[in-house]
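Written out below as C-alpha cells is the structure these notes cover.
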Amino acid sequence: MRYIYYMAEGSKKIAENRKARFNYFVEDSIECGVVLEGTEVKSVKSGNISFSDSFAEIINSEVWLKNFHISEYSFSSVFNHNPARPKKLLLHRDQIKRLVRKTDEKGYTLIPLDVYLKNGRVKISLGVCKGKKLFDKRETIKSRDIERDIARDFKKSLG
C-alpha cells in the first residue's frame, strides 16, 4: 500500500541568495521549476545547496542553471547524483523569449534568487539582474547601516 503525503498549501523557503541582492540590481524575477533527480530533491529539501556563483544561461531556447551545487544525499546508495551537473529550468516558451530579449541588453544576466518548495515541488526564483558598481555597493551598505541605527533608536525609545 502506498501513502502519499502532501505539504500544506503555500510555500517553504529553503535558501535565499543574499549575495545576489548585494552584487546586483534585481530588475525582474520569475518563478520557474527545475528538473531534478530523486536524490537531488531529497538533498534540496534537507538544505544541502550552494548557489553563490550560480547563473542561468539560455541555450537553444532552453534555460540551464550553471554552478548550482547540490551536495550528494548522505543516505543514498551508490546511485547518487553528480553535484555539479547543469540543471534545466522549466519555463513557458513566451517567458524564455522575454528573458532572451532582456539578457541581450548589455549588462543583464540571470541569477537565482531563492529556492523554495511550493506544493511539494522545488521552485527557483530567477532574477533578471544588472551588476552593481563599487559605489553602488557602498551606498547599499550605508543605507543598511542607517536603517539598523534607526531601528535600534526606535527600540530604545519604546523600552
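Values below: every heavy atom of this structure, side chains too, minus hydrogens, waters and symmetry copies. If you read the sequence from its start, that first residue is 1, and numbering goes on from there.
The hydrophobic cluster containing Ile124 does not contain Tyr116, counting ILVMFWY residues as joined when their side-chain heavy atoms lie under 4.5 angstrom apart, directly or transitively. In the hydrophobic clustering of ILVMFWY residues, with side-chain heavy atoms under 4.5 Å counting as a link, Ile58 and Trp64 come out apart. A single hydrophobic cluster is seen to contain both Leu89 and Val100, as judged by linkage of ILVMFWY side chains at heavy-atom distances under 4.5 Å, directly or through other members. By the rule that hydrophobic residues join a cluster once side-chain heavy atoms approach within less than 4.5 Å of another member, Ile49 and Val122 end up as members of one cluster.
Using a 4.5 Å heavy-atom threshold, the side chains of Val34 and Lys123 count as separate. Put simply, the side chain of Lys142 does not reach to within 4.5 Å of the side chain of Asp145, judged on heavy atoms. Taking 4.5 Å as the limit, every side-chain heavy atom of Thr39 sits out of range of all side-chain heavy atoms of Ile70. Residues Ile111 and Val128 have side chains not in contact (no heavy-atom distance under 4.5 Å, counting atoms from C-beta outward). For the pair Arg152/Lys155, no side-chain contact is recorded, criterion being any heavy-atom separation below 4.5 Å from C-beta on. Annotation: side chain of Val26 is in contact with side chain of Arg21 (closest heavy-atom distance under 4.5 Å). Considering only heavy atoms from C-beta on, Lys118 stays 4.5 Å or farther from Lys12 through its side chain.
The heavy-atom pair separating Ser61 from Ile96 by the smallest distance is O-CD1, 3.5 Å. Pairing each heavy atom of Ala56 with each of Leu126, the nearest pair is CB-CD1, 3.8 Å. Counting all heavy atoms, side chain and backbone alike, Ser46 lies closest to Asn48 at OG-ND2, 3.1 Å. Nearest heavy-atom pair across Ile14 and Gly47 is CG2-CA, 4.1 Å. Taking each heavy atom of Val35 and Lys87 in turn, the nearest pair found is O-CG, 4.1 Å.
Note on Lys97 versus Asp94: no salt bridge recorded, every NZ/NE/NH1/NH2 to OD/OE distance being 4.0 Å or above. The pair Lys132-Glu139 does not count as a salt bridge, with every side-chain nitrogen at least 4.0 angstrom from each carboxylate oxygen. A salt bridge links Arg85 with Glu40: the closest approach of a Lys/Arg side-chain nitrogen to an acidic carboxylate oxygen falls below 4.0 angstrom. Classification of Asp153 and Lys156 as a salt-bridged pair fails, no side-chain N sitting under 4.0 Å from a carboxylate O. At a threshold of 4.0 Å, the pair Glu62-Lys88 counts as salt-bridged, since one of the basic side-chain nitrogens sits closer than that to a carboxylate oxygen.
A donor-acceptor pair is defined here as one N or O able to donate and one able to accept, closer than 3.5 Å; no such pair exists between the side chain of Glu147 and the backbone of Arg144. Side chain of Ser43 to backbone of Ser71: a donor-acceptor contact under 3.5 angstrom is found. A donor-acceptor pair under 3.5 Å is formed between the side chain of Asn17 and the backbone N or O of Pro112.
With sequence neighbours excluded, the residues that form a side chain to side chain contact (heavy atoms under 4.5 Å, CB included) with Leu134 are Arg138. Applying the side chain to side chain contact (heavy atoms under 4.5 Å, CB included) test to Lys106 and every residue at least two apart in sequence or in another chain returns nothing. For Lys137, there are no salt bridge (Lys or Arg N to Asp or Glu O under 4.0 Å) partners two or more places apart in sequence or in a different chain. Listed by chain and residue number, Lys102, Tyr108 satisfy the side chain to side chain contact (heavy atoms under 4.5 Å, CB included) test with Glu105 (two or more places apart in sequence, or in another chain). Taking Arg98 as the reference, Asp28, Ile30, Arg101 meet the side chain to side chain contact (heavy atoms under 4.5 Å, CB included) condition, with sequence neighbours excluded.
No more than 12 heavy atoms of other residues, nucleotides or ligands sit less than 6.0 Å from atom CG of Asp53.
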- Begin with the C-alpha distance, continue with both residues' side-chain angles, and end with the deciding distance and a verdict on side chain to side chain donor-acceptor pair (under 3.5 Å) for Lys66 and Ser54. CA-CA 6 Å; Lys66 308 275 181 105; Ser54 61; over 6 Å; no
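Judged as a ring-ring contact (aromatic ring centres under 6.0 Å, His included), the pairs with a partner in residues 16-59 (not counting sequence neighbours) are, in order, Phe51-Phe68.
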